Amino acid sequence: MSIEKKIRLTASSDEELKILSFLCQDAILSREEYFFDNKLNLFVATFSRYCWEKEVATNNKNLNYRVVSGIQIKNVKKITYKNFKSNIPFLNLLAVSYNKRKITLNFSMSVEIILCCKKLDVVLEDIDIPWPTKLKPKHK
């Protein structure tokens, strides 16, 4: 019986955030799965994350996994949206980037959630254990 290891990573630099961005690529986020607390300056989201690291570790492109993960972004002073439409039930996260005190969650269909931050302080953590899926994200 193998014990499944959960990911828990922090990012306080641009280089560390690039690693988190890779791990979060193709995560599926529901509109109900994120929250911004302006009193605590905290943005929190949960999503179904594709486990790119398992594909690399096993070197088997036929075994695909997803896992429920959470992300916390601290020191958020303001949140803005770009191309965000109310009729989109799910968002596909493509990348997380940082530039000039702004963390941008880049989604498909050019949707962006932009978080204005005093400093970079992000935590990514798996909440559950990975489960197999037949679906693998495809990129053109």
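Please read all numbers here as calculations on a predicted model, not as lab measurements.
When each of Val122, Leu93, Thr46 is checked for a side chain to side chain contact (heavy atoms under 4.5 Å, CB included) with Ile71, only Val122 meets the rule. A side chain to side chain contact (heavy atoms under 4.5 Å, CB included) with Ile114 is found for exactly one of Ile103, Asn106, Thr104, namely Thr104.
For the pair Lys6 and Glu125, the minimum side-chain heavy-atom distance is 4.5 Å or more. Annotation: side chain of Tyr65 is not in contact with side chain of Ile129 (no heavy-atom distance under 4.5 Å). Side chains of Ile113 and Ile79 form a contact here, defined as non-hydrogen atoms less than 4.5 Å apart. The shortest side-chain heavy-atom distance between Leu124 and Cys24 falls under the 4.5 Å cut-off. A heavy-atom distance below 4.5 Å is found between the side chains of Val123 and Arg8. Side-chain contact check for Cys117 versus Val76: some heavy-atom pair is nearer than 4.5 Å. At least one side-chain heavy atom of Arg66 sits under 4.5 Å from a side-chain heavy atom of Ile28.
For Arg31, the CZ atom is densely surrounded, since the number of other residues' heavy atoms within 6.0 Å is greater than 12.
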Please evaluate residues Ser13 and Glu15 with respect to the criterion side chain to side chain donor-acceptor pair (under 3.5 Å), reporting the C-alpha separation (whole Å), side-chain torsions for both, the decisive distance (0.1 Å), and the verdict. CA-CA 5 Å; Ser13 71; Glu15 289 304 311; over 6 Å; no
Mind running side chain to side chain donor-acceptor pair (under 3.5 Å) on Ser69 and Asp126 for me, showing each step along the way? CA-CA 4 Å; Ser69 299; Asp126 290 345; 2.7 Å; yes
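For residues 83-126, the set of pairs meeting the ring-ring contact (aromatic ring centres under 6.0 Å, His included) definition, not counting sequence neighbours, comprises Tyr81-Phe84.
Partners of Phe47 under the ring pair (Phe, Tyr, Trp, His ring centres under 6.0 Å) rule, at least two apart in sequence or in another chain, do not exist in this structure.
Using modelled atom types, no side-chain atom of Asp26 and backbone atom of Pro137 make a donor-acceptor pair closer than 3.5 Å.
Linking ILVMFWY residues whenever their side-chain heavy atoms come closer than 4.5 Å, directly or via other members, places Leu115 and Val111 in the same cluster.
We find the CD1-CD1 distance between Ile7 and Ile127 to be 12.5 Å, quoted to the nearest 0.5 Å. In this structure, CG on Asp121 lies 8.0 Å from OG1 on Thr10, to the nearest 0.5 angstrom. To the nearest 0.5 Å, atom CG of residue Leu29 and atom CD1 of residue Ile88 are 11.5 Å apart.
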